[in-house]
Amino acid sequence: MAIKFSLKFKFFAKIEGSSYQHILTEKKGAKQNVALITLNRPKALNALCDALVTELGDAVEKFDRDESIGAVVITGSEKAFAAGADIKEMQNTTFSSNIRLRLLEHWSKISQCKKPIIAAVNGFALGGGCELAMMCDIIYAGDKANFGQPEILIGVVPGAGGTQRIARSCGKSKAMEMCLTGNRITAAEAEKMGLVSKVFPAGELLSEAIKLGEKIASQSPLIAQLAKECVNVAFETSLQEGLRFEKKMFYAAFATEDQKEGMKAFVEKRAPNFKNN
Ligand SMILES: CCC/C=C/C(=O)SCCNC(=O)CCNC(=O)[C@H](O)C(C)(C)COP(=O)([O-])OP(=O)([O-])OC[C@H]1O[C@@H](n2cnc3c(N)ncnc32)[C@H](O)[C@@H]1OP(=O)([O-])[O-]
């Protein structure tokens, strides 16, 4: 009985976010349908230590399963979104311990989320921080943000998608320049090269990101999930395969009640009332 109670309590506490040490979680927006996860390790500029990434993965997974949530926002502080993986924690690991302990495997929980994730980036987004932002679906940046893959400066290569995601979304030359020099780019440059969707004054960034989350959360969650999957397929397959996949998803949308409601509402000149069905 006692065991049952404590397990139940632990589960509840985690959902509320109170048991997390390195992140804060809350629900935002007029309908409380946007999850906000704030990286909160200020002394280390939100360096992504193993414990932080484990908590982040756990929170993302829980919000992904929470039917009241339609979009997730991940942010940091005004000084740093995240200054990279934790160098102090990594410095003495070895090739064999990396394999044995499956280093970085749990980072993939973020990109496996079915719901749309928005990165709201102020300050440094370096190394693993830049890679974390790129695991999200949309990046909004504050005007003082800067992005970079400085791994080469400390004798390693990016390990959580930097070489692959920059190359795919911004082309070879930009990816090579960032990964071979470790140079940082400004928010304006990141916007110009398509890494970032929009740039806002730093103080307005979070509210804009939440507003975007609310807009996404007001759509059918079911259809938003399909749309996210379709866009992601573009990064993983040929154009013909991607077009075929998109067409199948388009056909499949007609099996949902939300498609019927969406089109009916258009014809009746009213707002749709999506049921996630
Ligand atoms: C995931 C797969 C592959 C990814 C690999 C990577 O990401 S590799 C990493 C790629 N990233 C990088 O190479 C960037 C490394 N960071 C920097 O270059 C600079 O900190 C800065 C330019 C971001 C800010 O300069 P600033 O003068 O404004 O601030 P400051 O320097 O005084 O820092 C304040 C405190 O934060 C600490 N801390 C900061 N970052 C990390 C970290 N990643 N780790 C641990 N700790 C870190 C710093 O030690 C200090 O604590 P201390 O010693 O006082 O107890």
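Order of appearance sets the numbers: ligands from 1, and atoms from 1 within every ligand. Quick caveat, the model's predicted, so the values are computed rather than measured. Excluded from the calculations below are hydrogen atoms, water molecules and symmetry mates; all remaining heavy atoms, backbone and side chain alike, are included. Residues: numbered from 1 along the sequence shown.
Looking at heavy atoms from C-beta onward, Val34 lies out of side-chain contact with Lys27 at the 4.5 angstrom threshold.
Protein non-hydrogen atoms do not reach within 4.0 Å of atom 27 (O) of ligand 1. Counting only heavy atoms, the protein gets under 4.0 Å from atom 2 (C) of ligand 1. Remark: atom 32 (O) of ligand 1 lies closer than 4.0 Å to no protein heavy atom. For atom 17 (C) of ligand 1, the nearest protein heavy atom lies 4.0 Å or farther away. Atom 54 (O) of ligand 1 is not flagged as protein-proximal [any protein heavy atom, distance under 4.0 Å].
The existence of a salt bridge linking Arg270 and Glu261 is confirmed by a sub-4.0 Å separation between a basic side-chain nitrogen and an acidic carboxylate oxygen.
Between Lys43 and ligand 1 there is a heavy-atom distance shorter than 4.0 Å.
Here is the list of ligand 1 atoms found below 4.0 Å of a heavy atom in Gly128: 4 (C), 6 (C), 7 (O). Each of the atoms 8 (S) of ligand 1 lies under 4.0 Å from some heavy atom of Ile154. Residue Leu126 has at least one heavy-atom neighbour below 4.0 Å for each of these atoms of ligand 1: 14 (C), 23 (C). Close contacts between ligand 1 and Ala160 involve ligand atoms 1 (C), 2 (C) [criterion: under 4.0 Å to a heavy atom]. Ligand-side atoms of ligand 1 in range of Leu104: 1 (C), 2 (C), range being under 4.0 angstrom from any heavy atom. Using a 4.0 Å cut-off to heavy atoms of Arg184, the atoms of ligand 1 that qualify are 22 (C). Against a heavy-atom cut-off of under 4.0 Å, Lys79 is close to the following atoms of ligand 1: 28 (O).
Regarding atom 48 (C) of ligand 1, its nearest protein heavy-atom neighbour is Lys88 NZ, 4.1 Å. For atom 37 (C) of ligand 1, the closest non-hydrogen atom of the protein is Ala44 CA, 3.9 Å. Summary of contacts: the protein heavy atom closest to atom 4 (C) of ligand 1 is Glu151 OE2, 3.5 Å. For atom 44 (N) of ligand 1, the closest heavy atom belonging to the protein is Ile87 N, 2.9 Å. In terms of protein heavy-atom proximity, atom 30 (P) of ligand 1 is closest to Leu45 CD1, 4.4 Å.
Comparing Ala125, Gly129, Ala47, Pro42 by heavy-atom distance to atom 42 (C) of ligand 1, the nearest is Ala47. The nearest non-hydrogen atom to atom 10 (C) of ligand 1, considering only Pro150, Cys130, Gly155, comes from Pro150.
For the pair Gly159 and ligand 1, the shortest N or O to N or O distance does not fall below 3.5 Å. Looking at Ala83 next to ligand 1, an N or O pair under 3.5 Å apart turns up.
Judged purely by distance below 3.5 Å, without hydrogens or angles, the side chains of Gln240 and Arg244 never pair a donor atom with an acceptor atom. At a cut-off of 3.5 Å, with distance as the only test, a side-chain donor of Thr186 or Glu189 sits close to an acceptor on the other residue. If you check the side chains of Ser97 and Thr94, you find a donor sitting under 3.5 Å from an acceptor. No side-chain N or O of Asn33 forms a donor-acceptor pair with one of Ser68 less than 3.5 Å apart.
Leu39 pairs in a side-chain contact (heavy atoms from CB on, under 4.5 Å) with only one of the listed residues (Val53, Leu45, Asn46), which is Asn46. Among the candidates Leu126, Ile185, Val121, the single residue satisfying the side-chain contact (heavy atoms from CB on, under 4.5 Å) test with Asn146 is Leu126.
When atom types are taken as modelled, the side chain of Lys115 and the backbone of Asp64 share a donor-acceptor pair closer than 3.5 angstrom.
No chain of hydrophobic side-chain contacts below 4.5 Å, direct or via other Ile, Leu, Val, Met, Phe, Trp or Tyr residues, connects Leu36 to Ile69.
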task: Please report the C-alpha distance between Asn40 and Tyr20 in whole Å, then the side-chain angles of each, then the deciding distance to 0.1 Å, and finally whether the side chain to side chain donor-acceptor pair (under 3.5 Å) criterion is met.
output: CA-CA 10 Å; Asn40 186 34; Tyr20 294 130; over 6 Å; no
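Aromatic rings of Phe124 and Phe81 (six-membered ring for Trp) have centroids beyond the 6.0 Å cut-off, not under it.
Atom CD of Glu131 and atom CE of Met135 lie 6.5 Å apart (nearest 0.5 Å).
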